[in-house]
Amino acid sequence: MENKSQHYFFLVILVAVIVMTILIFFPFLTSLLVALVFSVMFRPLHRWISRIFSKGNQASSISTFITLAIVAILVITPLIFLAKQIYVESENLYFTLTEEGERSQIIHSLNAFSAALSNRLFNVFPAYDFNSLNVTTYIQNFLEWSFANLDTIFSSVSKFALQIFIMLFALFYLLRDGGKLKQGIIVISPLNDQYDDKIFSKLKQAIRSVVVGSLVVGLIQGILTGIGFYIFGVPNPALWGSFAVVSALIPGIGTSLVLLPGVLYLFFMSTNLHALGLLIWGIVAVGLIDNYLGPVLINRGVHIHPFLILLSVMGGLVFFGPIGFIAGPLIVALLFALLEIYKTTR
């Protein structure tokens, strides 16, 4: 009886401490999740650098620091500038839509666009009067939601810098001591060691195929879409490129959801040459990424339908906020990995 009481008391204390520890780490959840994904992405790079500078010793601080510097220079720094540009363009577009004069001008442009489209189609479809449907209100509401999420990230420069600092520190230790951390978790896990190894293996495959595969392909397509918009003169290229990242996850539609309106905008508001150039850019540059790079990255691990990946991203954004873009697919990928392991243990 006494032993049971001590055992239950210990479990209560353990659960309480675990909950308190999670609450302490929760403000840095974004940094830790990004560091986890980056550690899987750049493990091959770290392994290669370790062979050059430390004779294959991945626990070397020098090799890990060199890897971290390369990641910071080639990946993190450009993403920070890109995110800042998206924030600025979202802010500008939001204030444009909230100003009555600018809103009237936008509605006038939409009516002109509708009339031009109707004329191009030989008046088969009559021109739509956007005065009866204030579409800018819906765009404004959507931008309010997007702007609020972006504002939580950039609300404090010092806070954002701290998150980047924590992420880099976590990435350093995950790359250098990842093997020791894995073994430590296996030791304290109540599961059989072979199941622990399977879970780690499937989780790594899930990150590579779903998070790294789908999201990185979508990110590349979004960047190329933004570059195309910038080259051919579509306003707010970084902002629409960020929307293309999400639309790239939609099965069968992809970035065409953003590219086609851009082509139509140039076709009716600019020159046909620019519209043709953006169309070719979308087919060649953006489309080839989806057709060739996508299968290489996505089909090397846990296979999840693209529609489920899209739902996990959108649900993650609603439930977790900005970090849900990574957390949502990561949780769903882990679920499928565990289900696959469960099938082998029955």
Side-chain angles (χ1 to χ4, degrees), residues 78-79 81-97 102-103 105-121 125 127-128 130 133-143 145-147 150 215-291 293-294 306 310 313-314:
L79 285 178
F81 283 107
L82 179 62
K84 178 178 178 295
Q85 184 63 27
I86 293 172
Y87 179 83
V88 171
E89 291 184 7
S90 300
E91 187 179 36
N92 292 338
L93 184 57
Y94 172 76
F95 287 120
T96 296
L97 292 175
E102 293 288 347
R103 185 187 302 179
Q105 185 177 354
I106 291 174
I107 294 177
H108 176 74
S109 299
L110 289 173
N111 286 332
F113 174 85
S114 178
L117 179 61
S118 179
N119 291 331
R120 293 273 186 172
L121 298 177
F125 300 99
Y128 185 82
F130 282 92
L133 176 64
N134 194 352
V135 69
T136 56
T137 301
Y138 299 101
I139 299 176
Q140 179 183 336
N141 292 336
F142 177 74
L143 284 174
W145 177 84
S146 303
F147 189 68
L150 287 171
L215 298 188
V216 167
V217 169
L219 181 62
I220 294 174
Q221 287 185 288
I223 291 174
L224 289 176
T225 300
I227 292 174
F229 278 23
Y230 176 77
I231 292 174
F232 297 104
V234 178
N236 302 312
L239 178 62
W240 302 124
S242 67
F243 292 150
V245 174
V246 178
S247 69
L249 303 174
I250 303 177
I253 301 177
T255 53
S256 60
L257 192 65
V258 176
L259 278 167
L260 288 181
V263 171
L264 290 175
Y265 170 84
L266 292 174
F267 186 68
F268 292 105
M269 297 299 181
S270 184
T271 64
N272 294 346
L273 185 62
H274 285 186
L276 179 61
L278 182 59
L279 180 62
I280 295 174
W281 176 270
I283 294 173
V284 176
V286 181
L288 286 179
I289 292 294
D290 186 36
N291 294 330
L293 182 60
L310 174 65
V313 169
M314 302 305 294

- [ ] May I ask you to test the W281-T225 pair for a side-chain heavy-atom distance under 4.5 Å?
- [x] no
TODO: Starting at OG1 of T255, measure out to CH2 of W240 and round the result to the nearest 0.5 Å.
DONE: 15.0 Å
Open item on the list: On a heavy-atom basis, which atom in P261 and which in S256 lie closest, and how many Å separate them?
Closed with: CD-O, 3.8 Å
- [ ] Search all heavy atoms of P237 against all heavy atoms of Y230 and return the closest pair with its distance.
- [x] CB-N, 3.7 Å
- [ ] First locate atom CG of L273, then atom CG of L278, and finally report the distance between them rounded to the nearest 0.5 Å.
- [x] 11.5 Å
Task: Sequence-distant partners of V245, side-chain contact (heavy atoms from CB on, under 4.5 Å), two or more places apart - done: L219, F325
TODO: Would you indicate whether the side-chain heavy atoms of L239 and S242 approach each other to under 4.5 Å?
DONE: yes
Open item on the list: I'd like to check the side-chain contact (heavy atoms from CB on, under 4.5 Å) partners of I280; sequence neighbours left out, ordered by chain and number.
Closed with: L276, V284
